[in-house]
Amino acid sequence: LVTLNTIVNGLCVEGNVAQALTLTRHMDNAGYQPNSYTFGALINGLCKIGDTKSAVFCLKSMVERNVEPNVVVYNAIIDGLCKRGLVSEGLNLFSEMNDKGIQATVSSYNCLIQGLCNVGKLKCAANLLNEMMEKGVIPDVQTFTILVDGFCKEGLILGARSVICFMVQMGEEPNVVTYNSLISGYCLLNQMEDAMKVFDVMRSRKCYPSVVTYNSLIHGWCKVREVDKAMCLLGEMVDGGLCPDVVTWTTLVGGFCEVGKPLAGKKLFFTMNEYGQVPNLLTCAVILDGLFKCHFRSEAVSLCRVMEESDLDLDIVIYNVMIDGLCKTGKLNDARKLLDCLPAKGLRFDSYTCNIMIGGLCREGFLGDAEDLLMKMEETGCPPNACSYNVFLQGLLRKKDVLRSRKYLQLMKGKGFAVD
RNA sequence: UCACUACUACUCUA
């Protein structure tokens with residue numbers, strides 16, 4: 001059983017949960033009853049691939065077989081649920097756990113607090129912090145950092161700062177992640193001087209910046225179109241012995257594109273290899289999008305060919321970028337051709353693809369085709385979203401088709417979609 | 001003993 005468990009765990013860690021599940025069934029049939037370790041591995045695997053439904057189901061069968069789940073198993077599912085935005089389910093499981101007399105740990109609370117933050121319920125998150133302290137569960141740096149990050153992501157720097165004051169009162173010092181959250185909070189608001197101040201403060205407190213620290217700052221400077229400053233930081237991090245990662249390079253590539261220098265971006269796309277970093281799908285999407293947005297269509301098309309020859313399996317995002325770029329540079333027919341090639345590449349269009357095509361068709365005056373596509377979205381498994389309707393509506397308005405505009409405005413209202 | 005929790009980059013409308 002121990003051997004089999006090890007295999008199950010291995011499969012789960014690799015993300016091969018389906019195989020792990022079949023193996024467990026075979027084990028079970030052969031008389032090797034799965035134990036808490038087996039279930040633990042499966043539940044972890046399921047949560048990691050985002051299949052919380054099956055994880056909950058697994059938990060139930062665990063209980064039915066009288067294998068008692070422990071806190072860690074509960075925590076894993078609570079976290080999985082929270083990460084998918086299903087916080088109320090997470091809270092339910094949390095109370096179910098309490099009812100069974102299983103003591104919640106700091107992790108349990110941390111997962112829930114983060115879940116609440118991610119759905120914008122900062123107040124509830126803060127209340128949960130109080131609740132855990134009342135119950136004698138001591139919050140750790142991570143707890144506070146989650147809250148700091150939550151406030152920062154909402155642009156509420158003052159709230160974040162007060163969390164930091166509070167944590168210091170509680171005897172916890174902010175660590176590098178706490179500072180990183182605060183820095184990206186300032187970057188979000190384009191307050192780069194303040195972000196740099198935090199950077200100085202953390203260093204003066206002997207808290208050493210990480211690659212993430214630099215990446216956040218580099219992104220911030222790129223956003224305010226100061227790529228020079230971003231490049232200085234790149235130099236600084238290398239001098240300081242930190243190794244720029246694929247995020248660093250991707251951010252800089254995007255930064256150069258954003259200021260209208262996509263060829264400089266393309267250069268970085270290649271030089272990153274010399275620094276031991278291989279572009280990933282995101283890097284590819286960024287440079288292709290940048291080239292198109294700066295009207296370097298032929299550069300984009302030829303670079304995409306190079307990418308197709310590489311080891312990367314290009315995904316739908318890449319082709320969305322290409323199709324959008326072609327549409328917007330007046331190559332609707334090429335865009336259509338590329339769209340038709342998707343199945344041969346083993347790819348399926350998504351809602352982005354449809355919205356891009358609707359926009360492209362409208363721009364060239366093919367309102368009827370655009371409308372057909374919009375209607376077809378319902379059937380094809382990617383139902384139109386607010387963006388789909390807005391794109392089409394703008395097409396109608398551009399052609400002064402008031403009558404149909406009215407109709408779609410009503411339709412959108414009915415679906416609760418916001419009109420731009 | 002081990003296993004669960006925090007920070008950074010990408011595509012469509014405004």
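The figures here come from the full heavy-atom set of this structure, side chains too, leaving out hydrogens, waters and symmetry mates. Just so it is clear, the model here is predicted, and its values are computed rather than measured.
The distance between atom CZ of A:Arg84 and atom P of B:C4, rounded to the nearest whole Å, is 20 Å. A:Ile318 has its CD1 atom 13 Å from the P atom of B:C12, to the nearest Å. Rounding to whole angstrom units, CZ of residue A:Phe144 and P of B:U5 are separated by 20 Å. Atom OH of A:Tyr186 and atom C1' of B:C7 are 16 Å apart (whole Å). Here B:C4 presents its P atom at 16 Å from CE of A:Met97, a figure rounded to the nearest Å. Between A:Asp140 atom CG and B:C4 atom P there is a gap of 15 Å when expressed in whole angstrom units. Spacing between atom CD1 of A:Ile358 and atom P of B:A14 amounts to 14 Å, rounded to whole angstrom units. Taking atom CG on A:Asp350 and atom C1' on B:C12, their separation rounds to 9 Å, with Å as the unit.
A:Thr250 comes within 4.0 angstrom of a nucleotide base, judged by non-hydrogen atoms across all strands. No contact: A:Asn385 has no heavy atom under 4.0 Å from any strand. A:Asn118 comes within 4.0 angstrom of no nucleic acid atom, judged by non-hydrogen atoms across all strands. At the heavy-atom level, A:Val317 lies under 4.0 Å from base atoms of the strands shown. Counting non-hydrogen atoms under 4.0 angstrom, A:Thr145 reaches a base of the nucleic acid. Residue A:Asn70 is classed as a base contact, given a heavy-atom separation below 4.0 Å to a base. If you check every strand for non-hydrogen atoms under 4.0 Å, A:Lys153 touches sugar and phosphate atoms only.
For A:His219, taking side-chain heavy atoms from C-beta onward, the closest of the listed nucleotides B:C4, B:C10, B:U5 is B:C10. Each of B:A6, B:A14, B:A3 was ranked by its minimum atom distance to the side chain of A:Asn44; first place goes to B:A3. Checking B:C10, B:U8, B:U13 against every side-chain atom of A:Asn390, the shortest atom distance belongs to B:U13. Which of B:U8, B:A6, B:U11 sits closest to the side chain of A:Lys293 comes down to B:U11. When distances are taken from the side chain of A:Gln142 to each of B:A6, B:C4, B:C12, the shortest belongs to B:A6. With distances taken from any side-chain atom of A:Leu282 to the nucleotides B:A9, B:U11, B:U13, the minimum falls on B:A9. Ranking B:C7, B:U13, B:C4 by closeness to the A:Val212 side chain, first place goes to B:C7.
Side-chain atoms of A:Asp324 do not come within 3.5 Å of backbone N or O of A:Ile356 as any donor-acceptor pair. A donor-acceptor distance shorter than 3.5 angstrom exists from the side chain of A:Asn273 to the backbone of A:Phe270, with no hydrogens or angles considered. Side chain of A:Arg225 to backbone of A:Glu258: a donor-acceptor contact under 3.5 angstrom is found. The backbone N or O of A:Thr329 sits less than 3.5 Å from a side-chain atom of A:Arg297, completing a donor-acceptor pair.
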A:Trp249 vs A:Tyr275, test: ring pair (Phe, Tyr, Trp, His ring centres under 6.0 Å). Steps then yes/no. CA-CA 10 Å; A:Trp249 294 107; A:Tyr275 284 81; 5.2 Å; yes
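Below 30°, between 30° and 60°, or above 60°: for A:Phe166 and A:Phe144 the angle between ring planes is above 60°, a perpendicular geometry. Under the 30°/60° scheme for interplanar angles, the aromatic rings of A:Phe94 and A:Tyr109 are found to stand perpendicular.
In the interface, the side chain of A:Asn280 is paired with the base of B:A9 through a donor and an acceptor atom under 3.5 Å apart. Side-chain N/O atoms of A:Gln114 and base N/O atoms of B:U5 include no donor-acceptor pair closer than 3.5 Å. Put simply, the side chain of A:Asn175 and the base of B:A6 share a donor and an acceptor less than 3.5 Å apart.
A:Tyr352 qualifies as a stacking partner of the B:U11 base, centre to centre under 5.5 Å and near-parallel within 30°.
An OP1 or OP2 oxygen of B:U8 is reached within less than 4.0 angstrom by no side-chain nitrogen or oxygen of A:Lys223. For B:U13, the OP1/OP2 oxygens have a side-chain nitrogen or oxygen of A:Lys328 closer than 4.0 Å. Phosphate contact (OP1/OP2 of B:A6, side-chain N/O of A:Lys83, threshold under 4.0 Å): present.
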